[in-house]
Amino acid sequence: AALPGPAPADWAQAPLDPAVRAVLVGFDEHFSYAKLCQALRYLLRGGTDCLLVGTNRDHRLPLEGGTAIPGTGCLVKAVETAAQREAFIVGKPNRYMFDCVVSEFNIDPARTIMVGDRLDTDILMGNSCGLTTLLTLTGVTTLEEVKGHQESDCPTRQSLVPHYYVDSIADLLPALGE
């Protein structure tokens, strides 16, 4: 999306598609000020009838070597800030996506394991959905962080503690061969 003209007044006058009823914020390596302006305009035009939906709130995406890039949560926060309203998050840790899968397939939570590398998304969702949780230490979470939550008396922090952990998902390969 390009800004339609050189001045903010031009940006606010560009035509909007009347069929748009929702703004979806997901990972977008081409996120721009122009897209932020357009999202805000749709949300202001539609009021509460225009949904604001985010895919997830991950603030960072870890890369090999200990580096990271901004995650989708940064983009969601930008639109939320501009619109002065909170997005409905359909991804982890919200159970919405899990409930959709359960309604479509015959899934028994007691026989399901959630494997992930983040406490605040993967493990929190698994625990809130009644799943067994397995943390892989290949993401942003450290074992020291898990221990801190485990030793806390705070129920919110306890909800971030996985049932099990492995250093890497590769540690599971021998068990899968049996």
Side-chain angles (χ1 to χ4, degrees), residues 21-31 39 48 50-81 83 85-178:
R21 305 269 311 200
V23 170
L24 172 65
V25 184
F27 184 80
D28 181 357
E29 67 271 19
H30 301 290
F31 188 80
T48 56
C50 186
L51 300 175
L52 175 53
V53 179
T55 58
N56 63 73
R57 291 197 183 277
D58 292 7
H59 57 280
R60 277 186 282 158
L61 301 176
L63 302 174
E64 289 185 45
T67 63
I69 60 172
T72 303
C74 298
L75 308 181
V76 171
K77 191 57 133 178
V79 176
E80 287 178 330
T81 300
R85 61 191 263 206
E86 193 170 327
F88 176 74
I89 304 299
V90 295
K92 303 172 290 184
N94 189 319
R95 67 176 295 134
Y96 176 79
M97 197 61 63
F98 179 74
D99 291 340
C100 289
V101 171
V102 167
S103 72
E104 187 70 27
F105 303 98
N106 186 24
I107 295 191
D108 178 4
R111 296 183 40 83
T112 306
I113 188 166
M114 175 66 174
V115 179
D117 64 358
R118 295 182 75 106
L119 296 179
D120 60 340
T121 57
D122 305 321
I123 302 307
L124 179 58
M125 190 202 83
N127 286 340
S128 69
C129 293
L131 310 176
T132 298
T133 54
L134 174 71
L135 175 71
T136 63
L137 297 173
T138 52
V140 297
T141 301
T142 65
L143 194 52
E144 291 74 31
E145 188 179 353
V146 173
K147 288 178 182 175
H149 291 306
Q150 194 172 30
E151 293 168 359
S152 172
D153 292 332
C154 174
T156 301
R157 290 188 68 191
Q158 284 287 319
S159 68
L160 300 172
V161 176
H163 293 94
Y164 305 100
Y165 76 91
V166 291
D167 288 325
S168 166
I169 196 74
D171 295 339
L172 297 176
L173 293 177
L176 295 175
E178 296 174 3

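Position 1 is the first residue of the sequence; numbering continues from there.
Atom NZ of K92 and atom CE of M114 lie 4.5 Å apart (nearest 0.5 Å). With rounding to the nearest 0.5 Å, the separation of CZ in F105 from OG1 in T112 is 12.5 Å. In this structure, CG on L137 lies 9.5 Å from CG on D117, to the nearest 0.5 angstrom. To the nearest 0.5 Å, the span separating CG on D58 from OG1 on T121 amounts to 5.0 Å. Between the CD atom of E104 and the CG atom of D99 there is a distance of 13.0 Å, given to the nearest 0.5 Å. Atoms CZ and SG, from R95 and C129 in turn, are 4.0 Å apart once rounded to the nearest 0.5 Å.
In this structure, the side chains of Y165 and V146 stay at 4.5 Å or more apart for every pair of heavy atoms. Within the 4.5 Å cutoff, side-chain heavy atoms of P62 are placed close to those of R118. L61 has its side chain out of reach of T72: every pair of non-hydrogen atoms, C-beta onward, lies at least 4.5 Å apart. Taking the side chain as every heavy atom from C-beta outward, L134 and V115 approach each other to under 4.5 Å. Looking only at side-chain heavy atoms (C-beta outward), P93 and D120 stay at 4.5 Å or farther from each other.
Counting all heavy atoms, side chain and backbone alike, V76 lies closest to N56 at CG2-O, 3.6 Å. Residue F27 comes nearest to T55 through the heavy atom pair N-OG1, 4.3 Å, listed as atom of the first residue, atom of the second, then distance. Summarising the geometry of S103 relative to C100, their closest heavy-atom pair is OG-O, 2.8 Å, with the distance given to 0.1 Å. D122 approaches G116 most closely through the heavy-atom pair OD2-CA, 3.3 Å.
Around atom CZ of R60, no more than 12 heavy atoms belonging to other residues, nucleotides or ligands sit under 6.0 Å away. In the displayed structure, F88 atom CZ is contacted under 6.0 Å by more than 12 heavy atoms of other residues, nucleotides or ligands.
Under the 3.5 Å distance criterion, the side-chain polar atoms of N94 are matched with a main-chain donor or acceptor of I89. Although no hydrogens or angles enter the test, the distance criterion places no donor-acceptor pair under 3.5 Å between the side chain of Q158 and the main chain of D153.
Screening residues 129-149 for side-chain hydrogen bond (donor to acceptor under 3.5 Å, both in side chains), with sequence neighbours left out, gives N127-T133, T133-H163, T136-T138, H149-R157.
With sequence neighbours excluded, no residue forms a side-chain hydrogen bond (donor to acceptor under 3.5 Å, both in side chains) with D171.
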